[in-house]
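Data block below; observations after.
Bear in mind that the values here come from a model prediction, so they are computed numbers and not experimental data.
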Amino acid sequence: MQVPLVDLLAQYHTIKKDVMAAFEDVLEHMQLFLGPRCQEFEQDFAAYCGSAYGVGVSSGTEALELALRACNIGPGDEVITVANTFIATVEAIALVGATPVFVDVEPDTYTLDYCQLDQALTTRTRAIIPVHLYGHSVDMQPVLDFARSHGLRVIEDASQAHGAKYHEKRVGSMGDIGCFSLYYSKNLGAYGEAGICVTSDQELAERLRLFRDHGSRVRYQHEVMGTNGRLDELQAAVLQIKMPYLEQWNQARRALAHMYDEQLRDVVETIPVTRSWAEHVYYTYVVQVPERDQFRQRLQEQGVSTGVHYPVPLHLQEACAPYGYKKGMFPVTEAAAERIVSLPIYPEMTQQQYEYVVQAVKSSLASHAVR
Ligand SMILES: *Cc1c(COP(=O)(O)O)cnc(C)c1O
């Protein structure tokens with residue numbers, strides 16, 4: 001049996017009719033940007049998050065970059081974030097000319113460790129980007145308190161946690177701006193590039209709108225240097241169709257995760273942790289195993305795809321060399337990078353596939369033990 005890491009074709013087949021009808025409708029109207037579907041999706045997604053405004057943009061990376069620009073963050077400014085995230089979080093900081101400052105993560109949730117904020121703070125710090133990684137929220141209250149007491153902006157990177165909760169609040173709604181990638185493999189994904197910013201600050205929402213559309217409110221009148229960062233109408237149509245399914249898809253992910261938990265608790269070194277205040281949405285299901293690379297190889301031989309999110313921490317990437325970080329500076333992140341592996345998880349996964357993965361994981365680790 002073949003089990004992919006995610007199966008987007010299976011999901012497409014469940015919504016194909018609606019998608020095709022919507023594409024036809026958009027094309028017949030030939031309004032391809034900032035049309036009614038974009039506006040409706042913005043409102044629906046913002047309301048779902050518990051934020052007042054949504055601003056659809058062209059990718060998650062763009063969402064983060066626009067959020068930083070809307071907050072006036074640029075050259076000379078420092079932004080604190082984690083080294084255990086996708087490169088886009090840090091690219092956005094670099095793209096506005098600011099400097100990323102890394103902190104380590106908590107060893108069990110793999111998310112930002114707020115105890116480290118104090119030592120990362122300088123007179124140039126302007127913002128924190130907590131990343132809700134793998135589907136689990138950052139412990140936000142201490143981050144928000146720290147930011148408030150030092151006059152910092154909080155821009156949430158919620159690209160891996162659409163719908164996840166911190167206490168009763170959805171991620172993305174707690175900081176100044178919440179940024180989501182709507183890349184096709186995310187919990188809510190378009191069929192191309194897409195992203196969205198949510199905020200409850202009207203002024204920030206207006207600035208985001210201005211920057212995403214060439215700094216202009218009225219055509220050919222440019223108030224500021226903006227960019228081309230709009231969400232297109234075909235992608236908005238897909239997102240509108242998928243949006244009503246998000247809760248049930250996240251629920252399906254949780255059900256699979258709980259079955260994995262039961263079956264693998266005593267098999268792998270660690271299963272994912274969910275804090276008492278968190279509602280996890282399992283963008284990935286991350287376990288730790290010894291000799292990870294051989295383990296992955298043995299699973300691949302049995303047809304089971306796995307991932308590593310992420311194999312090389314950002315502070316050790318060549319692209320981050322100019323910032324001067326060294327191996328050993330973020331021991332929790334570095335240790336995790338050698339042991340973590342993501343198992344297949346997606347709402348359309350069948351019972352057969354799930355049982356097959358469990359069996360393959362068990363046999364891969366057992367064969368390891370007798371060697
Ligand atoms: C996917 C992702 C992004 C970037 O999103 P794109 O839409 O691919 O630009 C940013 N941050 C995190 C944590 C992500 O997982």
Side-chain angles (χ1 to χ4, degrees), residues 1-14 84-86 105-111 133-136 160-161 164 184-187 189 248-275 278 280-313 331-371:
M1 189 186 293
Q2 297 290 318
V3 186
L5 196 54
V6 291
D7 189 347
L8 294 157
L9 195 58
Q11 186 184 75
Y12 167 62
H13 287 149
T14 68
N84 185 39
T85 176
F86 182 56
V105 295
E106 297 177 350
D108 51 357
T109 64
Y110 308 100
T111 59
L133 206 70
Y134 306 154
H136 191 286
Q160 300 192 4
Y184 75 135
S185 65
K186 305 289 159 113
N187 288 36
Q248 82 190 52
W249 285 340
N250 282 344
Q251 186 53 42
R253 287 174 185 271
R254 272 193 293 275
L256 284 163
H258 293 154
M259 291 196 287
Y260 271 149
D261 288 349
E262 289 308 308
Q263 293 293 322
L264 300 179
R265 179 170 284 124
D266 301 322
V267 177
V268 296
E269 280 187 352
T270 67
I271 57 170
V273 159
T274 305
R275 291 268 189 268
H280 207 314
V281 294
Y282 295 99
Y283 170 61
T284 54
Y285 186 89
V286 175
V287 299
Q288 290 190 27
V289 294
E291 299 187 14
R292 187 260 323 274
D293 295 339
Q294 292 94 312
F295 170 79
R296 292 189 70 202
Q297 181 64 37
R298 284 193 288 272
L299 282 182
Q300 194 60 59
E301 282 160 13
Q302 297 173 78
V304 176
S305 297
T306 57
V308 178
H309 302 93
Y310 294 90
V312 181
V332 179
T333 297
E334 290 170 29
E338 295 189 352
R339 306 181 87 81
I340 49 175
V341 55
S342 308
L343 301 180
I345 192 162
Y346 47 91
E348 299 74 21
M349 201 170 180
T350 64
Q351 181 77 14
Q352 273 169 317
Q353 287 176 317
Y354 149 76
E355 280 168 7
Y356 185 76
V357 174
V358 167
Q359 220 32 64
V361 169
K362 285 182 176 171
S363 73
S364 294
L365 288 169
S367 70
H368 161 76
V370 296
R371 265 177 209 185

Treating Tyr134 as the side-chain partner and His309 as the backbone partner, does any N or O pair qualify as donor plus acceptor under 3.5 Å? yes

Correct closest heavy-atom pair for Ala10 and Glu348 would be CB-CB, 3.9 Å

What's the shortest heavy-atom distance between Ser342 and Thr284, and which atoms? OG-CB, 4.1 Å

If I take atom CG from residue Asp293 and atom CD from residue Gln297, how far apart are they, to the nearest 0.5 angstrom? 9.5 Å

Looking at side-chain heavy atoms only, is the closest gap between Phe295 and Val361 below 4.5 Å? yes

Using the ring pair (Phe, Tyr, Trp, His ring centres under 6.0 Å) criterion, which residues pair with Tyr346? Sequence neighbours excluded. none

Does Gln263 form a side-chain contact (heavy atoms from CB on, under 4.5 Å) with Lys362? I'd like the steps, not just the answer. CA-CA 9 Å; Gln263 293 293 322; Lys362 285 182 176 171; 3.0 Å; yes

Check: Arg253 side chain, Tyr282 main-chain N or O, donor-acceptor pair, under 3.5 Å: yes

Once rounded to the nearest 0.5 Å, what's the spacing between atom CG of Asp108 and atom OG1 of Thr274? 10.0 Å

Rounded to the nearest 0.5 Å, how far does OG1 of Thr111 lie from CD of Gln160? 11.5 Å

Side-chain touch Glu106/Arg275, heavy atoms, less than 4.5 angstrom: yes

Would a 4.5 Å heavy-atom cut-off, applied to side chains only, mark Tyr356 and Val3 as touching? yes

Residues passing the ring pair (Phe, Tyr, Trp, His ring centres under 6.0 Å) test with Tyr283, sequence neighbours excluded, are none

Gap between atom OG of Ser364 and atom CZ of Arg296 - 0.5 Å precision: 12.5 Å

Nearest non-hydrogen partners of Val289 and Val268, listed with the distance: CG1-CG1, 3.9 Å

Check: Asp7 main-chain N/O paired with Gln11 side-chain donor or acceptor under 3.5 Å: no

Can you see which heavy atom on Ser305 is nearest to which on Pro344, and at what distance? O-CG, 3.2 Å

Side-chain heavy atoms of Asn84 within contact of Val332, under 4.5 Å: no

Is a donor from one side chain sitting under 3.5 angstrom from an acceptor on the other, for Gln359 and Glu355? no

In sequence, state the C-alpha distance, the side-chain angles, and the governing distance for Leu343 and Thr306, and then conclude on side-chain contact (heavy atoms from CB on, under 4.5 Å). CA-CA 5 Å; Leu343 301 180; Thr306 57; 4.2 Å; yes

Sub-4.5 Å side-chain heavy-atom contact between Asn187 and Asn250: yes

Kindly compute the distance separating CG (Leu299) from CD (Gln294), expressed to the nearest 0.5 Å. 12.0 Å

Distance-minimising heavy-atom pair for Pro311 and Val308: CD-O, 3.2 Å

With a 4.5 Å heavy-atom cut-off, do His258 and Asp261 have their side chains touching? yes

Has Glu301 got more than 12 heavy atoms of other residues, nucleotides or ligands less than 6.0 Å from its CD? yes

Evaluation steps, side-chain contact (heavy atoms from CB on, under 4.5 Å), between Met259 and Gln351: CA-CA 10 Å; Met259 291 196 287; Gln351 181 77 14; 4.3 Å; yes

Geometric class of the Tyr285/Tyr260 ring pair [parallel <30°, tilted 30-60°, perpendicular >60°]: tilted

Are the side chain of Arg254 and the backbone of His280 linked by a donor-acceptor contact shorter than 3.5 Å? yes

Side-chain contact test, heavy atoms from C-beta onward, threshold under 4.5 Å: evaluate it for Met349 versus Val357 and give yes or no. yes

Quick one: does Val287's side chain get under 4.5 Å of Ile340's, heavy atoms only? no

Shortest non-hydrogen pair, Thr333 vs Pro313, comes out as CG2-CB, 3.6 Å

